[in-house]
Structures are given as C-alpha cells and as structure tokens.
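Notes follow once the structure below has been shown.
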Amino acid sequence: MQAVRGVKDVLPDEAPNWQFLEKTCREWFARYGFDEIRVPIFEATGLFARSIGEDTDIVGKEMYTFDDKSGQSLSLRPEGTAGVIRAYIQSGLQREALVRLYYQGPMFRHERPQAGRLRQFHQIGAEVLGSESPLADAEVLVLTADLFQALGLDGLQLEINSIGCRECRPRYTVALRGFLEGRAADLCENCVRRTATNPLRVLDCKVETCRTHTAAAPFIPDHLCAACADHFAVVRGQLEAAGVGFVVNPRMVRGLDYYTRTAFEWTSDRLGAQSTVAAGGRYDRLVEQLGGQARPGIGFALGVERLLLLMETRPATPPDLFVVLAGEGAEAALAPVLRAVRGAGLKVDRAYGGSMKSQMKRAGKSGAPRCLIAGDDELARGTAVLRDMVAHSQREVPLAEVVAALK
RNA sequence: GUGGGCGUAGCUCAGUCGGUAGAGCCCCGGAUUGUGGUUCCGGUUGUCGCGGGUUCGAGCCCCGUCGCUCACCCCA
C-alpha cells in the first residue's frame with residue numbers, strides 16, 4: 001500500500017515546522033483582529049463554479065468532484081475563500097459592518113504533482129469583509145509582511161497590481177484585445193486562444209516572444225477609472241508609509257475570476273516554477289454573486305508546503321525528564337511520581353522495558369537534560385537517582401521531592 | 001493533460017563487459033553481572049518499484065505499468 005499520488009504525510013520530524021508556522025500565523029492574525037473560522041472540506045460543486053469561475057482551469061479540470069449517495073454533486077474545496085464567503089452569508093455574519101476571518105486547512109486540486117505542488121496541499125488564509133477602503137488592502141499586505149518576518153523569511157518579493165472594477169476593466173479588456181488581435185501572428189498558440197477567452201492572461205505569459213511583443217500593449221494601471229486609480233494610489237502610499245517594499249507588476253493577473261482592483265503576490269526565487277508563496281486580492285462583487293448582500297472584501301492565502309520549503313527545519317523539543325526503571329517494583333513505586341511530574345507540566349519520556357543500559361541509551365538519545373533512575377536499592381529507601389545528563393553528575397532524591405528538585 | 005530524468009536495505013547511495021547484491025548511516029546486542037552521548041566488536045534488514053519479454057543466465061537489455069522528480073501548463 002502506498003499513499004495516493006500527490007499527497008504527503010507530515011512525519012514527526014516535520015511536525016514541529018508545521019506547528020511553528022500555524023502558531024505564528026494564529027498569533028499574528030489575532031494581533032490584527034482576525035478571528036478563526038472553520039468551514040467544511042467539501043461543498044456543493046456549484047459554489048466553486050459560481051465563485052472561482054466556470055471557465056477557470058481550477059473548476060474546469062482540476063476539482064475532485066463526485067456525486068454523493070443522494071446524487072448531489074459535491075467537490076473537495078480547491079481553495080478557501082468560496083466556503084468562507086458561503087458561511088459568512090449563511091450565518092448572518094454579513095450583517096456585521098466589518099468582519100475579519102482567517103482559516104487554515106487542506107485544499108485539493110487534481111494537478112500533476114511537482115515541487116511545491118501537491119494534490120492535497122494546505123493553505124492558511126484571511127479575509128476582511130465589509131470594507132471597501134484601500135486601508136484594508138494595505139493592512140492585509142502589512143500583515144503578510146509581518147508574518148513572513150516573524151517566520152524568519154527574507155528574500156521574498158511583493159508584487160502588486162490593480163486589475164480594475166466592473167466599470168473600467170471591460171473597457172480595458174476591449175482595448176487590450178484590440179491590440180492583441182493585431183499581433184496574433186507573433187504570439188504563442190496559447191496566447192492566441194487566450195486573446196479571445198481571457199486576454200489579461202496573455203500579459204502573464206512566460207514565453208519570451210510573447211513578452212517582447214506585448215511590451216507596448218496597454219497596461220491596466222494606465223486604464224483604471226478614477227475611483228480605481230485613487231484606490232490603488234492609496235494602497236501604494238500606505239505600503240510606503242508602513243515601510244513595506246513592493247513593486248508594481250502591471251502584467252500580473254489572477255487565476256480566479258472573482259478578483260477586482262488590488263491583486264498581489266508574494267514570490268520567492270528559491271522555489272523553481274512554483275514560486276508564489278502567498279497571493280490574494282480584492283473581490284468586491286463576490287458576496288452578492290453568491291447570493292449575499294453587496295459586500296466588498298479582500299483576502300489572501302498562503303501555501304503552507306511552499307513556505308515550509310523555505311523555512312529552516314526546527315528540531316523537536318526534547319523531554320524535560322527521562323525515567324529509567326531498574327527494579328521489580330519500580331513501575332508501581334514510580335507511578336505517582338510520573339503523574340506528579342507530568343501534572344507539574346513537565347514533558348516526560350520513558351521506555352517500557354529493556355536493560356538499564358539500553359534505557360540509558362534511550363535517555364541520552366532523547367535529549368532530556370535530566371533522567372530519573374529508579375533502582376531497587378534507592379526505592380527501598382524511598383528515593384531515586386536524579387541524574388544531570390549534561391553535567392554527568394547525579395544525586396539521590398526522596399520520591400516526594402522529585403517535582404521540587406526538577407523546578 | 002504534455003515532455004525529460006530517475007526507481008537497488010528504514011535513509012543516502014555503489015554495483016564494471018549481462019554471471020545470481022554491497023558500503024555508510026540508522027537500529028539491536030556486547031566490551032566482568034545498576035549508568036547514556038565517544039571508541040571498539042558483533043548482528044538484523046532487500047519481491048533490485050511492479051508485470052511481461054529477450055537470454056543458458058537480467059539489478060544491468062527491450063516493452064508496458066505505477067511512483068518520484070523537473071519543466072510546460074496551472075496556481076498558493
């Protein structure tokens with residue numbers, strides 16, 4: 001038996017890294033006023049089709065979709081925002097003026113596995129719902145910058161763009177398509193197709209000739225309506241004020257249909273092709289698109305596995321004490337001591353048998369700074385040996401005083 | 001979904017011209033009977049990814065398949 005393709009076990013030696021990442025995120029989300037929300041791993045397929053977009057690759061060919069026993073079409077979530085917005089509407093949270101939420105958990109996409117790309121992968125994300133203010137956009141970005149700093153990650157680059165709103169984007173799209181149609185002969189096959197379906201993505205193409213031939217194309221930031229341009233200017237100004245470095249990438253587009261205005265991406269140059277480590281943007285129409293009241297929102301998600309690839313490996317924390325039992329009655333005599341030590345909040349490791357020598361070896365390997373050796377002679381006196389594994393010294397301690405001796 | 005590279009012990013890998021499989025690490029035991037991390041001695045471990053084919057004989061050659069990996073694509 002082996003695990004299904006594209007999924008991965010998190011083994012004990014990796015768990016500390018996951019825990020550190022999760023804990024750091026929770027802490028920083030709390031500092032910025034976000035509350036946790038936990039939503040299901042599967043939803044009605046229609047939710048994703050309506051939010052992410054029927055024509056996106058994610059919905060079109062990458063979802064794990066199945067019919068349940070009642071014949072309803074369900075899908076494992078390919079991203080987190082759709083479910084969070086659904087819950088936001090359904091629960092009545094949308095009646096609050098402003099809500100900040102964060103979530104974490106597995107997402108599923110049927111893609112060809114690659115470095116930093118799995119079929120079950122994990123995201124941690126956050127959403128600010130109810131404010132159209134560019135201050136919200138900026139604060140979300142500052143939060144991500146703080147988060148990466150707290151995680152000890154440097155060398156990440158922030159790229160931002162504005163992709164306009166329902167007012168200006170259609171006008172821009174027409175202008176861009178006009179430009180691209182005149183140059184179809186110079187573009188790659190994909191881009192010729194995208195010119196018709198999703199012309200913004202042509203700007204995002206990696207093919208060198210496409211990039212050079214679109215160098216003179218109209219770019220979105222120059223074609224924003226006044227409201228979008230103001231919004232984008234405030235976001236940039238706030239980032240500068242907060243001391244968060246960024247570059248405007250006028251070619252950047254998002255893969256999900258629901259984005260409007262601010263779009264951003266944090267990337268690393270150490271991850272090969274899957275360089276995006278976190279990304280997000282504003283989605284001012286999504287809530288009403290899903291049947292809620294008209295509510296603006298902005299959010300992002302970070303890729304846990306990708307971030308972990310960049311982070312230093314954290315060692316597991318060793319136990320505070322290793323207990324070595326070396327006599328017939330040792331187990332019974334030590335039982336209350338074990339409970340007391342653990343009750344005092346200390347981490348205790350032990351073996352369940354074996355020679356004293358092997359138990360000592362285990363004690364040394366465990367990394368415990370001290371070990372408690374309980375042999376017949378000492379137990380007869382109501383004591384045990386407390387050994388300092390670092391100093392190689394030991395002394396006899398009455399069983400009742402073990403907890404105190406460990407403090 | 002498309003293409004390239006790779007699958008040998010738990011891990012990292014060696015294995016010549018086809019001749020029947022090795023090292024290091026890890027793990028276990030021991031070095032005078034109750035004391036670890038160093039050192040020394042000893043020991044366990046393989047459907048050579050899987051299935052077929054060629055051959056007297058296949059880890060090695062051929063085909064298929066599964067998996068890993070890198071890139072495309074897509075995206076966090």
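If you're wondering where the values come from, they're calculated on a predicted model, not measured in any experiment. Each chain gets a letter, A, B and so on, in the order the sequences are listed, and its residues count up from 1.
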Between the side chains of A/R387 and A/E396, is the shortest nitrogen-to-carboxylate-oxygen separation below 4.0 Å, so that they form an ion pair? no
salt_bridge(A/R86, A/E43) N-O dist < 4.0 Å: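 A/E43 and A/R86: salt-bridged.
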Whole angstrom is fine here: how far is it from [atom1] in [X] over to [atom2] in [N]?
{"X": "A/D349", "N": "B/rG36", "atom1": "CG", "atom2": "C1'", "result": "14 Å"}
{"X": "A/K361", "N": "B/rU39", "atom1": "NZ", "atom2": "P", "result": "12 Å"}
{"X": "A/Q114", "N": "B/rG4", "atom1": "CD", "atom2": "P", "result": "16 Å"}
{"X": "A/E111", "N": "B/rC74", "atom1": "CD", "atom2": "P", "result": "10 Å"}
{"X": "A/M356", "N": "B/rG34", "atom1": "CE", "atom2": "P", "result": "9 Å"}

Report yes if a side-chain nitrogen or oxygen of [X] is closer than 4.0 Å to either non-bridging phosphate oxygen (OP1 or OP2) of [N]; otherwise report no.
{"X": "A/R194", "N": "B/rC74", "result": "yes"}
{"X": "A/K357", "N": "B/rG29", "result": "no"}
{"X": "A/K365", "N": "B/rC27", "result": "yes"}
{"X": "A/R362", "N": "B/rG36", "result": "no"}
{"X": "A/Q359", "N": "B/rU35", "result": "no"}

Examine the base of [N] for any acceptor or donor lying under 3.5 Å from a partner atom in the side chain of [X], and report the outcome as yes or no.
{"X": "A/R201", "N": "B/rC74", "result": "no"}
{"X": "A/Q394", "N": "B/rU35", "result": "yes"}
{"X": "A/R117", "N": "B/rC70", "result": "no"}

For RNA chain B, the dot-bracket pattern of Watson-Crick and G-U pairs whose distances stay under 3.5 Å, | for other-strand partners: (((((((..((((.....[..)))).(((((.......))))).....(((((..]....))))))))))))....
Using the test side-chain contact (heavy atoms from CB on, under 4.5 Å), find all partners of A/P218 that sit at least two apart in sequence or belong to another chain. A/Y172, A/L176, A/F179, A/H223
Does A/H122 form a side-chain hydrogen bond (donor to acceptor under 3.5 Å, both in side chains) with A/Q104? I'd like the steps, not just the answer. CA-CA 7 Å; A/H122 295 75; A/Q104 71 169 72; over 6 Å; no
Please figure out whether A/R112 or A/V385 has its closest RNA chain B nucleotide nearer the 5' end.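 Result of the comparison: A/R112.
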Heavy atoms within less than 4.0 Å of RNA chain B: which residues of residues 56-67 of chain A have one? Give them sorted by number.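 Heavy-atom contacts with RNA chain B come from A/D57, A/I58, A/E62.
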Are A/F232 and A/L224 side-chain neighbours, meaning at least one heavy-atom pair lies under 4.5 Å?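 Sidechains of A/L224 and A/F232: in contact.
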With the side chain defined as heavy atoms from C-beta on, A/Q274 is closest, among B/rG34, B/rA76, B/rC74, to B/rC74
Between B/rG34, B/rC72, B/rA76, which nucleotide gets closest to the side-chain atoms of A/A273? B/rC72
